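Note that this is a predicted model, so its numbers are computed, not measured.
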Amino acid sequence: MTNEHSNVAYQVMWNRLISVVEEQAQALVRTAFSTSVREAGDLSAGVYDVQGRMLAQAVTGTPGHVNAMADAVAHFIRRIGRQNIFEGDVYVTNDPWEGTGHLHDITMVSPSFHNGVLVGFFACTAHIVDIGGRGFGADAASVYEEGLYLPIMKFAERGTVDETLIRIVRGNVREPDQLVGDMYALATCNEIGHRRLTDMMDEFGLVDLAGIAAFILDNSRRATIERIAALPRQTASGEMTVDGFDTPITLRVKLTIAEDHILTDFAGTSGLDKKGINCPLVYTKAYACYALKCAIAPEIPNNAASLEPFRISAPEGTIVNAVHPAPVALRHIIGHFVPDTVYDALDKILPGVVPAEGAGCLCNFQVSLRPRSDAPAPRDALRSEVLTFNSGGSGARPEHDGLNATAFPSGVMTMPIEATEHAGPVIIWRKELRPDSGGAGKQRGGLGQYMEVGAREGHEFDFQAMFDRVEHPARGRRGGHPGAPTAIAQDDGSPMRGKGKQFVPHGRRVMLSLPGGAGYGDPKDRPEQAVKRDLLRGYITADAARRDYGLSSTDIAEVEAAIRAGKDSA
């Protein structure tokens, strides 16, 4: 085979590998028990060579999982030992420092054998609703309180599941059927990947993955370094402040562009928090790499070689390099702000490329429901754990408005009300876009949401808040205005905190205003037609159209008349 023909064949195989891991991910979506996987897509899947280097990742999944998981397989190989890797094995962990950052992520790795020879590994990760301990939230003072810890170990050896491990898991979590079901789903999706890889190797007559691995990694590395080499050799600093748990947290970064790599240094960032919002370096690295790849080399496939030129460092003991036994359950709250911090620096080197700040971290909450305790409860009242994923608005982009109620950087989907209410006796009374929450600008920030959350008759609940942007809303870029902040209270006006477990008595509801993304550019430069369109769609109010964009009373009256006419005709 000529070199040219070989390259064409390898390109076909590369594309096939991506389809293999996408089928692997979709198998997990279809078989998982947790709504966080089935409805929100909080998962990742990938294929690795015999050295543990990621060759391809599924499109379905989150950067925090897949980029962190890129480092995880090497830990599995080291801990298990190559002499103990057998056909039919499945390995498991939820180690925050050797997995994906907190105990609520289960990572499973399966060796892939072809004709009796180890040729690679498949790995997948899923967020599970409960892992025991205090429950999913920031209230713990150490990782020991946050749930059941599974060191890197064998879930199955030579095809036989470790039933002792299953019994230990079942005895330590609130939703045992759900968690064990998810573990089997993870193992199964790796098996699907293995079968498809075997088919591909048979089709192409491969005895190992060495050739295709070298092709993928060499081309990805070269393409990424070419992009970096074309950038200015400059250094810039960025920072942002977020709410923290009780006190504000400042993230600082220094970005240095060299000829063949970019160094991102988080020296000067705030120290550890006493509560569980600390972020292991593996998760910080995942989102810092993701931010840079999005801005500089978005179309280059994600693998070990394309990630390597993005080098991340942070002093131990900072909130972005939390070490054991720091509490890390809500590490995503800090991790999801890493890209905007990186972009604050990158915007000074590459103007007109990166978006304004957005909502940042996911607007998640978990509801722990139980029969009411203030009066006799109905006989059908039950206990249940319901986790729901929601999003504020993303920041406006240099040439486009921000996306409404869309998660950046996580990419996790907002859960449908029907799926949330099916998971337990929770009622979402209201879920709609929040007018005027997107920051004004030449390009408008994405809108946040209004949500109203309660429980079915006969239930009370604990509401585990995981919000930020209460005191520090998204900042605009290049003259854009900030997005609206987060607000949270009970329906009787009782204030609630942005983070932490809080009791909600029978009959009460939680009222949420989720944050908007910031604007980009001077609002005075926004086309009048775009302002009218926003007013017509209800994205902004007449007051905002007049105040922020200078729309005349005559134009506002014209739009309002069109709205009334539309309603009348409907």
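- Judged by distance alone, the side chain of Ser306 and the main-chain N or O of Asn303 form a donor-acceptor pair under 3.5 Å.
- With no hydrogens or angles considered, a side-chain donor-acceptor pair links Lys431 and Asn390 at under 3.5 Å.
- Between His127 and His104, the ring planes lie parallel to each other; the angle is under 30°, not in the 30° to 60° tilted range.
- Of the charged side-chain nitrogens involved, none lies within less than 4.0 Å of a carboxylate oxygen, so that Arg383 and Glu175 do not count as a salt-bridged pair.
- The pair Glu357-Arg469 counts as a salt bridge, with a side-chain nitrogen and a carboxylate oxygen less than 4.0 angstrom apart.
- Between the side chains of Tyr91 and Asp89, at least one donor N or O lies within less than 3.5 Å of an accepting N or O.
- Within the 3.5 Å criterion, the main-chain N or O of Leu150 finds a donor-acceptor partner in the side chain of Asn94.
- Aromatic rings from Phe121 and Tyr48 are positioned such that their centres are separated by 6.0 Å or more.
- Judged purely by atom type and a 3.5 angstrom limit, Glu452 has no side-chain atom pairing as donor or acceptor with the backbone of Ile428.
- Counting heavy atoms of neighbouring residues, nucleotides and ligands inside a 6.0 Å radius, atom NE2 of His400 does not exceed 12 of them.
- Distance alone, capped at 3.5 Å, places no donor-acceptor pair between the Lys285 side chain and the Phe310 backbone.
- Two residues are said to be in side-chain contact when any heavy atoms from C-beta on lie closer than 4.5 Å; Val37 and Asp42 fail this criterion.
- Using modelled atom types and a 3.5 Å distance limit, the side chains of Asp105 and Thr100 yield a donor-acceptor pair.
- Comment: Arg430 engages Glu432 in a salt bridge, judged by a side-chain N to carboxylate O separation of less than 4.0 angstrom.
- Under 3.5 Å, the side chains of Thr125 and His65 contain no donor-acceptor pair of N or O atoms.
- When only modelled atom types and interatomic distance are considered, Glu399 and Gln443 share no side-chain donor-acceptor pair under 3.5 Å.
- Between the side chain of His459 and the main chain of Leu382, a donor-acceptor pair closer than 3.5 Å is present.
- Centroid-to-centroid, the aromatic rings of Tyr283 and His102 stay 6.0 Å apart or farther.
- Gln24 and Asn190 share a side-chain donor-acceptor pair at under 3.5 Å.
- Relative orientation of the Phe365 and Phe467 rings is tilted, given thresholds of 30° and 60° on the angle between their planes.
- Side-chain contact check for Met13 versus Met200: some heavy-atom pair is nearer than 4.5 Å.
- Between the side chains of Tyr149 and Asp95, at least one donor N or O sits under 3.5 Å from an acceptor N or O.
- In this structure, Asp468 and Ile277 have side chains that are not in contact, with every pair of non-hydrogen atoms separated by 4.5 Å or more.
- Under 3.5 Å, the side chains of Gln26 and Thr60 contain a donor-acceptor pair of N or O atoms.
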